[in-house]
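Just below is one structure, and these are the notes that go with it.
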There are 2 protein chains.
Amino acid sequence: MKKKTTIYDIAKELNITAATVSRALNDNPRISAETKKLVLEAATRLNYKQNRVAQALKSGKSKNVGVVLPYINRNFFSSVIRGIEEELNPKGYYVIISQTHEKENKEIDIVQNLLDAQVDGIIISVSRQTNSNKHFNQVLAKNVPLIFFDRKKEIPGTSSVTLDDFNGAYRATKHLLEQGCRKVAHMTIDLSLLIYQNRLGGYKKALAEYGIEFNPEYVIALQSEITAGKDAAKKLMELPEPPDAIFSATDLGALGAIQHLKEVGMNIPEDFCVVGFSNEPFTQFMELPISSVDQNPVLMGKTAAKVFLEQIDSEGVKIEKNVVLDPTLEIRTSSQKK
Amino acid sequence: MKKKTTIYDIAKELNITAATVSRALNDNPRISAETKKLVLEAATRLNYKQNRVAQALKSGKSKNVGVVLPYINRNFFSSVIRGIEEELNPKGYYVIISQTHEKENKEIDIVQNLLDAQVDGIIISVSRQTNSNKHFNQVLAKNVPLIFFDRKKEIPGTSSVTLDDFNGAYRATKHLLEQGCRKVAHMTIDLSLLIYQNRLGGYKKALAEYGIEFNPEYVIALQSEITAGKDAAKKLMELPEPPDAIFSATDLGALGAIQHLKEVGMNIPEDFCVVGFSNEPFTQFMELPISSVDQNPVLMGKTAAKVFLEQIDSEGVKIEKNVVLDPTLEIRTSSQKK
DNA sequence: TTGTACGCGTTATCAC
DNA sequence: GTGATAACGCGTACAA
């Protein structure tokens, strides 16, 4: 009910001026130990709380960081947010979340609104649709740190935290080769996207290392992540020379493939090995647990947050930092010949 | 680089006063159509953006809503956030996220910090540990709307959005009985928590309706959600009269049970039916898709957000609203005898 | 219809 | 070491 107490209230209480109170509260060196003590006492006694909004207006720093991503309720994204929050909260920053729903329009609106709201930084995974860089340049123009994660744009002055998709794919494929598989197929989604290009690249590199010739017939782009894995596996198995392993760029692709392979009586992992990508929670719950490349999303979030903090700390100096995280291969039954 | 343009800049531009500009921008009735037009023009021309912080300081409304929950990266919680964000964003509110990690201390800190940051409302799912109501009373004392979701506290002056656990459990159990099962067991977690009490209650009600006597031996409390389902199922199957169905209060419990049942050669759903609770994503991906009670988390979030908006709109009038959402039973193979 | 003046709570810059 | 004052950007009684 009552108004919150301000520095004026406590100034009045002690017959000093608000400025002095402010100094005492902010550990200003030019203040007597005694006044400081009195102020702090009075502050707790009157249950004083700093008004962060006033402070924000004065300083131009809101202590808010905007996080922008396509959808919150995907395991990968929510885990990234978790990492960001855990890193930023102890430093006194609040995390504001907005979803783009993969729409460029929404993304532009959101970014501009966040700027209006004076956020101290923006951490973003760009929407699939986004082509324009205009809104990002606005962020830069206001000198607000801009950090991309997972899906990035190459813009000078910005930073990024991404996954080494190439290496993840390389390891997954190499692992399949080490299991003795020699005809490894690859399921992908959309080769116009950088991450899938990189996963294809890593796959090829592993093949090359084992002196295996790349076979374009073994690469299939799925129409949807959800249902198409089964069909793709079917198509692969109907080839004159069917593969003996699949490295899928998504977990759902791997799941669909496994479903088909089981239906046609394939023994996994004895006759056929499968590895997915993302390490979605369900992969470990399956009757046949699925090997998968883990993206370390929580770490990615923490890293993005740290990059932001570095930018903030280095007043004026424009820092540009691009961190590439190393994925981890989680080996489970679906590819473990023993 | 440059400072952002303020109402003063545009006032100067037009040789009028900032007050007039402010009025024009805020659709104040007492303003000539022409000045208004000029102001709006100049505003877009100079790329003027309202400074929300200044506005917040002036009005006492930050347009921020705090969302407090145990962990962000759980499907249920992240889906609730999604609902909240989608409802609030179009109304110009920002969603600030904080995690309690199920710790009372953290929860108290977070709530107080949010109050300092002048949030216009708090939407919270309380931590398991929380006993004190002190921080909640502080929220009320400041006249900030407080809305609980999922896990609530009974505090006058607060609102809540929860799930009808009783009814969900009732439907799940009834469904099992309709499949012809007559010895339905129940796995639970912690009967000191209201939600699990209610799930037990719904289970009992369905039994009673079918004239089946409640058998305490058929109710097992799991030690952990993750691993204990298997053991519990084993224990149940070793009873002199083993059950022919399980209604589990968690999906992981159901999963563990199914794993054990398969191992001992049980045919599901022919010989044995299983239903879980929460409709976690993995339930539909299993080789044997698991029936489960869906909690409608996105709707829960949207509803909580709407309740908040109602509170805000009704100046002064203290509204107290308790919404109970109806869960949906997702019937899948694990319980579909057909 | 518009201008004047002040306050929201803080902090920084002068003075003393 | 402390006080007085201005300023951050906006909105609004009050006056004109």
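This one's a predicted model, so the numbers in the text were calculated from it and none came from an experiment.
Judged by distance alone with a 3.5 Å cut-off, a donor-acceptor contact links the side chain of B:Lys58 to the base of C:dG7.
Of the candidates D:dC10, C:dT10, D:dG9, the closest approach to any side-chain atom of B:Leu57 belongs to D:dG9. Among the nucleotides D:dG11, C:dT11, C:dG9, the one closest to any side-chain atom of A:Asn51 is C:dG9. Set against D:dT12, C:dG9, C:dT13, the side chain of B:Ala19 has D:dT12 as its closest nucleotide. Residue A:Arg30 has its side chain nearest to D:dG1 when only C:dG3, D:dG1, D:dG9 are considered. Considering only the side chain of B:Asn26, D:dG11 comes nearest among D:dG11, D:dT2, D:dG9. The A:Ile31 side chain lies nearest to D:dT2 when the options are C:dT2, D:dG9, D:dT2. Closest approach to the B:Arg23 side chain among D:dA4, C:dT10, C:dG3 is made by C:dG3 (side chain taken as heavy atoms from C-beta onward).
With 3.5 Å as the limit, one finds a donor-acceptor pair spanning the side chains of A:Thr130 and A:Ser127.
When rounded to the nearest whole Å, the span between CG of A:Leu25 and P of C:dT11 equals 7 Å. Computed from coordinates, the A:Asp116 CG to D:dG9 P distance equals 14 Å when rounded to whole Å. Going from atom NZ of A:Lys63 over to atom P of C:dT10 covers 16 Å, rounded to whole Å. Summarising the geometry, the separation between CZ on B:Arg52 and P on D:dG11 is reported as 12 Å, rounded to the nearest angstrom. Between the CD1 atom of A:Ile10 and the C1' atom of D:dT2 there is a distance of 15 Å, given to the nearest Å. Here the C1' atom of nucleotide C:dC8 and the CD1 atom of A:Ile7 are 12 Å apart, to the nearest Å. Going from atom CD of B:Gln50 over to atom P of D:dC8 covers 18 Å, rounded to whole Å. For the pair B:Tyr48 OH and D:dG9 C1', the computed distance is 8 Å after rounding to whole Å.
Taking 4.0 angstrom as the limit, B:Ser32 places a side-chain polar atom (N or O) nearer than this to OP1 or OP2 of C:dT2. Side-chain N/O atoms of A:Thr17 include none lying less than 4.0 angstrom from OP1 or OP2 on D:dG3. Here B:Gln118 does not reach the OP1 or OP2 of C:dG9: none of its side-chain N or O atoms lies under 4.0 Å away. Distances shorter than 4.0 Å separate none of the side-chain N or O atoms of B:Thr20 from OP1 or OP2 on C:dT1. The phosphate of D:dT12 (OP1 or OP2) has no side-chain N or O of B:Asn28 nearer than 4.0 angstrom. In this model, the phosphate group of D:dG11 is not approached by any side-chain N or O of B:Tyr8 to a distance below 4.0 Å at OP1 or OP2.
Contact of the A:Asn131 side chain with the A:Glu104 side chain is registered, since non-hydrogen atoms from C-beta on lie closer than 4.5 Å. Here the side chains of B:Val53 and A:Val53 are in contact, with some heavy-atom distance below 4.5 Å. Taking the side chain as every heavy atom from C-beta outward, A:Asp109 and A:Asn105 never approach each other to under 4.5 Å.
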| query | Between A:Glu41 and A:Arg45, is a salt bridge (Lys or Arg N to Asp or Glu O under 4.0 Å) present by the stated rule, with each step listed? | reply | CA-CA 6 Å; A:Glu41 267 176 25; A:Arg45 180 154 40 83; 5.5 Å; no
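No contact: A:Lys61 has no heavy atom under 4.0 Å from any strand. B:Thr35 comes within contact range of the sugar-phosphate backbone alone, with a heavy-atom separation under 4.0 Å but no base atom that close. Residue A:Ser22 is classed as a base contact, given a heavy-atom separation below 4.0 Å to a base.
With A:Glu107 contributing its side chain and A:Val126 its backbone, the two residues share no donor-acceptor pair below 3.5 Å.
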